[in-house]
Amino acid sequence: QKFAALFTLGSICVISSFGFLRGPKWLWKQMVAKHRLPVSIGYVFSMVGTVYGSMYARSYLITVSFSVAQLVALSYFVVSYVPGGTRFLNVVFSS
């Protein structure tokens with residue numbers, strides 16, 4: 001239970017840090033952009049699912065599944081917001 005709550009809180013802090021750096025309006029525009037909207041919806045859904053699986057359903061499988069989805073969505077955001085992040089991934093995975 002603690003893991004899911006702290007993992008989700010940490011995930012929110014990472015995304016919020018981009019809002020502090022560039023402004024909340026910029027972050028909101030980026031998150032609802034056409035090409036990022038499905039990932040944004042999945043990210044919010046995975047955060048809710050992680051907390052639900054841990055606190056209410058008390059299911060290890062549900063919690064881990066949503067935590068992995070949350071990690072994937074968070075990784076996508078971090079890589080896409082950091083300058084040169086997508087280029088770096090292209091270089092790493094092309095060789």
J.: If hydrophobic clusters are built by linking Ile, Leu, Val, Met, Phe, Trp and Tyr wherever their side-chain heavy atoms come under 4.5 Å apart, do M31 and I12 end up in the same one?
T.: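 In one cluster: yes.
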J.: Show which residues join Y56 in its hydrophobic cluster (side-chain heavy-atom contacts under 4.5 Å, direct or indirect), or state none.
T.: V51, Y52, M55
J.: Answer with yes or no whether the hydrophobic clustering places V14 together with M47; edges join I, L, V, M, F, W, Y residues whose side-chain heavy atoms lie under 4.5 Å apart.
T.: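 In one cluster: yes.
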J.: Under 3.5 Å, which donor-acceptor pairs do the side chains of residues 59-78 form with other protein atoms, sequence neighbours left out?
T.:
{"from": "S59", "atom 1": "OG", "to": "I62", "atom 2": "N", "distance (Å)": "3.3"}
{"from": "T63", "atom 1": "OG1", "to": "G53", "atom 2": "O", "distance (Å)": "3.2"}
{"from": "T63", "atom 1": "OG1", "to": "S54", "atom 2": "N", "distance (Å)": "3.1"}
{"from": "T63", "atom 1": "OG1", "to": "S59", "atom 2": "O", "distance (Å)": "2.8"}
{"from": "S65", "atom 1": "OG", "to": "L61", "atom 2": "O", "distance (Å)": "2.8"}
{"from": "S67", "atom 1": "OG", "to": "T63", "atom 2": "O", "distance (Å)": "2.7"}
{"from": "Q70", "atom 1": "OE1", "to": "T50", "atom 2": "OG1", "distance (Å)": "3.1"}
{"from": "Q70", "atom 1": "NE2", "to": "S11", "atom 2": "OG", "distance (Å)": "3.3"}
{"from": "S75", "atom 1": "OG", "to": "L71", "atom 2": "O", "distance (Å)": "2.8"}

J.: Apply the hydrophobic cluster definition, ILVMFWY joined by side-chain contacts under 4.5 Å directly or through others, and give me every member besides I41.
T.: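 ILVMFWY cluster around I41 also holds W28, V32, L37.
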J.: Going by the rule side chain to side chain contact (heavy atoms under 4.5 Å, CB included), which residues pair with S17 if we only count those two or more places apart in sequence or in a different chain?
T.: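 By the side chain to side chain contact (heavy atoms under 4.5 Å, CB included) rule, S17 matches no residue at all.
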J.: Linking I/L/V/M/F/W/Y whenever their side-chain heavy atoms sit closer than 4.5 Å, directly or via other members, would W26 and I15 fall into one cluster?
T.: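 The answer is yes; both residues are in one hydrophobic cluster.
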J.: Under the ring pair (Phe, Tyr, Trp, His ring centres under 6.0 Å) definition, can you give me all pairs with a residue in residues 1-21, not counting sequence neighbours?
T.: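 Matches after skipping sequence neighbours: F3-F7, F18-Y81.
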J.: Excluding sequence neighbours, so at least two apart, what forms side-chain hydrogen bond (donor to acceptor under 3.5 Å, both in side chains) with T8?
T.: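 Partners of T8 by the side-chain hydrogen bond (donor to acceptor under 3.5 Å, both in side chains) criterion come out as none, since no residue qualifies.
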